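Take a look at the structure below.
Because the structure is predicted, anything quoted here is derived from the model rather than measured. First listed ligand is number 1; within each ligand, the first listed atom is number 1.
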Amino acid sequence: MNYYSLNKKAPNTTFKNAVIKGLAPDKGLYFPETITPLSKSFFDNIDNLSNTEIAFQAIKQFVSPEIPETVLRTIVEETLAFDFPVVKLNDHISTLELFHGPTMAFKDVGARFMARCLGYFNQDNNEEVTVLVATSGDTGGAVANGFLGVKGVNVVILYPSGKVSDIQEKQLTTLGQNIKALEVNGTFDDCQAMVKTAFLDESLTNKMQLTSANSINVARWLPQLFYFMFAYKQLHDKYEDIVFSVPSGNFGNICAGMMAQQLGLPIKNFVASNNANNVVTRYLISQLYEPKPSVQTISNAMDVGAPSNFIRIQEIYKNSFETLKHNLSSYSFSDDETRAAMLEIYSKYNYVADPHGAVGYLGCKSYLNEKPNSHCVFLETAHPAKFLDVVEDVIKEEQPLPEQIQSVMGKEKESTVISTYDDLKAFLLKFE
Ligand SMILES: *Cc1c(COP(=O)(O)O)cnc(C)c1O
């Protein structure tokens with residue numbers, strides 16, 4: 001499969017090159033040249049297919065011929081080595097739990113897939129690739145874990161000092177080997193600005209191959225389409241009109257769901273559930289796209305003022321506002337509403353949701369007010385124990401720490417403190 005840049009000012013390129021470069025030379029996001037729907041028999045027969053087989057069939061066209069089928073099968077199998085259960089709350093609402101991976105957030109799937117693709121492309125390459133990523137929380141842990149020990153790949157993670165949770169910090173800073181954590185005296189925006197400066201700094205990029213590992217990278221974005229299919233497999237014989245409510249920040253996850261829909265998955269609608277950072281909710285009402293600086297909320301992985309994947313969503317729906325509006329609903333909720341939802345989910349269904357999942361639940365409720373006959377699945381994007389302070393404060397009950405989290409909490413933190421872009425550059429040039 002070849003990919004084109006959505007800025008339309010760069011040559012089309014292969015999957016391999018798109019993964020290694022991250023962003024096109026004209027700074028556009030890459031998008032596949034064609035999307036060929038899967039056969040009707042694939043969906044008719046989905047009950048008989050394993051998760052690995054579903055994922056293999058679904059992603060094959062996007063990665064071939066550069067990743068041979070036998071290699072792809074192994075990559076997919078290793079990526080998906082945990083469960084993706086759907087839990088029913090009532091006849092109209094279920095949740096798809098995406099937190100059973102090693103860092104207990106949905107980003108594990110994309111990070112593990114991308115790491116294995118990059119590892120494959122790099123196996124006979126003497127030149128190392130440096131993955132540079134800024135994180136406000138979950139991305140860093142998933143990327144660190146996914147890339148641990150991958151030959152020829154160095155990972156450098158920037159995070160804002162004192163602004164990620166203890167658990168998240170431990171997940172970033174305790175792995176060692178090829179994973180380096182930089183603790184930045186500043187905010188997440190400062191981290192992101194430094195990363196952007198690095199990508200544009202030719203005195204650096206002439207000396208080393210830098211790539212990104214957030215959802216702008218096609219290898220992190222596309223595999224997220226798998227779990228919409230896994231949920232469909234679990235629900236299609238019980239419900240007809242299946243709708244997904246996706247707690248959204250950079251809109252990579254929901255956009256991957258839309259790719260599953262383009263592949264033929266019979267999804268009736270998507271709900272983009274937002275916190276106070278609601279540029280898309282406002283756009284669907286006013287048709288005016290007006291990004292704003294992000295504001296801090298209790299669902300902090302969604303604190304994004306200008307979602308980078310929205311441009312891909314517009315491309316999927318051929319830049320037609322009408323088609324987009326036909327497929328996408330969006331609602332936005334305050335922190336107070338989110339807390340109340342967490343309490344409601346707990347008291348009504350004895351289910352503990354994290355703040356992001358709770359925003360998704362509220363999106364389902366708003367959608368069902370308009371279309372009461374649907375079955376809405378909200379994505380539980382992180383385990384509630386990752387947001388322990390908020391969760392325990394709301395439901396007034398202590399939460400057990402899952403084993404994946406306990407095991408990092410006892411380890412020693414290793415990080416390098418930096419303050420300026422020059423500090424970052426000096427650090428990176430040591431790998432040269
Ligand atoms: C990253 C993240 C999101 C937002 O996903 P996008 O793909 O950026 O829209 C939601 N919830 C959690 C827990 C996350 O880590």
| Side-chain donor-acceptor contact under 3.5 Å, Y361 with E344 |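 E344 and Y361 do have a side-chain donor-acceptor pair below 3.5 Å.
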| message | So for atom NZ, which belongs to K196, do other residues, nucleotides or ligands contribute more than 12 heavy atoms lying within a distance under 6.0 Å? | response | no
| task | Write out the protein residues near ligand 1, meaning a non-hydrogen atom under 4.0 Å from one of its atoms, in order of chain and number. | result | F106, K107, D138, P247, S248, G249, N250, F251, G252, N253, A301, M302, H356, T381, A382
| said: Set out, in order, the CA-CA distance, both residues' side-chain angles and the distance that settles ring pair (Phe, Tyr, Trp, His ring centres under 6.0 Å) for F106 and F99, then state yes or no. | reply: CA-CA 6 Å; F106 78 90; F99 55 67; over 10 Å; no
| task | Could you walk me through whether F387 and H356 pass the ring pair (Phe, Tyr, Trp, His ring centres under 6.0 Å) test, one step at a time? | result | CA-CA 10 Å; F387 299 90; H356 305 79; 4.7 Å; yes
| field | Parallel, tilted or perpendicular: rings of F270 and F244 (30°, 60°) | value |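 Parallel: the ring planes of F244 and F270 meet at under 30°.
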| message | Could you go through H100 and F82, starting from their C-alpha distance and side-chain angles, then the distance that decides it, and tell me whether this counts as ring pair (Phe, Tyr, Trp, His ring centres under 6.0 Å)? | response | CA-CA 6 Å; H100 294 274; F82 42 88; 8.0 Å; no
